[in-house]
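Residue numbers count from 1 along this sequence.
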Amino acid sequence: MTPRSRFSALPGEILPGIGHNQGPPLDHHRSFRRYAWKKARAQLMPKLPLEVIRRRVRRATELGLEYPAYASILLGTGRDIVGFLFTCDALGMHLSQKVPIPQHVASKLKSLGTVDTMLAAEHDRREELADLLARETPIRFTSATRLPAPDVQRSEGQAAIRHALDPLKLPGDAVVMIGTEAHERSWADAARLARFMHAETYFGV
């Protein structure tokens, strides 16, 4: 008598064809699996008290951010935002005897709540620029850094960003960089900042 194969069908069972990996059918209990997956995902979503949500909405308003953008940063980093790093182009500033700055930009900066603001300039006169800005407006920057040329290695851009953050002992994942250029986004990613936002998005232009 030929020994029974371990792949033999039970009574009433149909044997799989050639090439079958002997796994379970993909459509077996599909509805239940879909239900279980949706339930598991829902359980992973934070269930926040209403007062916590209100507090976060107020904080987003203080930072000049839409709540979805602020909530996304919190979810991604687990940290509150403690600083903004602005490039000169993002602020619409150009160095001269006076520092022209668009009214809508100045208004938003003056309305910011408790947060450090840092300045990134593409030239060596960043300190002078920050001083000029402070004399002509009520806006104060807590530190300034010189951004390198656009075609440098990402590590140089990363180092320039850290030059602004390190004196203030700010963690990168709690700082948002506001800029205008793709290479600035690359540097922000290299420095592991919480987010890079285009100036048009942040200032609502």
Side-chain angles (χ1 to χ4, degrees), residues 60 62-77 79-112 115-134 136-137 139-205:
E62 286 182 354
L63 297 172
L65 292 170
E66 296 291 336
Y67 178 72
Y70 177 66
S72 174
I73 292 172
L74 285 183
L75 184 62
T77 67
R79 290 181 182 271
D80 187 23
I81 296 169
V82 298
F84 284 104
L85 175 62
F86 297 94
T87 66
C88 287
D89 281 345
L91 298 177
M93 293 166 48
H94 302 283
L95 185 62
S96 63
Q97 292 303 314
K98 292 188 176 182
V99 183
I101 183 169
Q103 183 59 43
H104 72 281
V105 171
S107 297
K108 183 144 188 172
L109 293 181
K110 286 186 288 186
S111 70
L112 292 178
V115 67
D116 283 303
T117 55
M118 295 152 279
L119 179 66
E122 294 82 5
H123 41 68
D124 291 321
R125 298 176 68 186
R126 61 188 181 277
E127 301 292 349
E128 178 184 354
L129 184 61
D131 290 342
L132 281 170
L133 185 64
E136 296 201 13
T137 72
I139 301 167
R140 300 292 183 271
F141 289 97
T142 46
S143 73
T145 187
R146 178 184 181 276
L147 292 181
D151 56 351
V152 301
Q153 297 290 329
R154 286 199 348 155
S155 57
E156 292 186 47
Q158 174 186 2
I161 290 174
R162 289 305 323 176
H163 181 77
L165 274 59
D166 288 345
L168 305 173
K169 296 181 171 57
L170 297 180
D173 61 357
V175 173
V176 174
M177 183 174 183
I178 311 297
T180 59
E181 305 296 334
H183 61 267
E184 294 166 355
R185 181 185 297 274
S186 175
W187 296 343
D189 291 343
R192 300 183 183 277
L193 299 188
R195 184 69 55 87
F196 176 90
M197 296 183 68
H198 196 281
E200 291 184 356
T201 300
Y202 182 71
F203 290 111
V205 180

Interatomic distance, I161 atom CD1 to L193 atom CG [nearest 0.5 angstrom]: 5.0 Å
How long is the span from the CZ atom in R185 to the NE2 atom in H198, to the nearest 0.5 Å? 8.0 Å
Test side chain to side chain contact (heavy atoms under 4.5 Å, CB included) on F203 and L91 and set out the steps. CA-CA 9 Å; F203 290 111; L91 298 177; 3.8 Å; yes
For F86 and V105: C-alpha separation, side-chain torsions, deciding distance, then whether side chain to side chain contact (heavy atoms under 4.5 Å, CB included) applies. CA-CA 11 Å; F86 297 94; V105 171; over 6 Å; no
Expected list for residues 62-76: side-chain donor-acceptor pairs under 3.5 angstrom, two or more places apart:
unit_1: E62; atom_1: OE1; unit_2: R59; atom_2: NH1; d: 3.0
unit_1: Y70; atom_1: OH; unit_2: D80; atom_2: OD1; d: 2.7
unit_1: S72; atom_1: OG; unit_2: R195; atom_2: NH2; d: 3.0

Tell me if a side-chain donor or acceptor on T145 pairs with a main-chain N or O of A160 at a distance below 3.5 Å. yes
Parallel, tilted or perpendicular: rings of Y202 and F84 (30°, 60°): tilted
Name each donor-acceptor pair under 3.5 Å that joins a side chain in residues 169-183 to protein atoms two or more places apart or in another chain, with its distance.
unit_1: D173; atom_1: OD1; unit_2: R79; atom_2: NE; d: 2.7
unit_1: D173; atom_1: OD2; unit_2: R79; atom_2: NE; d: 3.1

From H163 NE2 over to L85 CG, what is the distance, rounded to the nearest 0.5 angstrom? 11.5 Å
Treating S143 as the side-chain partner and A164 as the backbone partner, does any N or O pair qualify as donor plus acceptor under 3.5 Å? yes
With sequence neighbours excluded, tell me which residues meet side-chain hydrogen bond (donor to acceptor under 3.5 Å, both in side chains) with R192. none
Min side-chain heavy-atom separation L168-L165 under 4.5 Å: no
Which value, rounded to the nearest 0.5 Å, describes the distance between M118 atom CE and F141 atom CZ? 10.0 Å
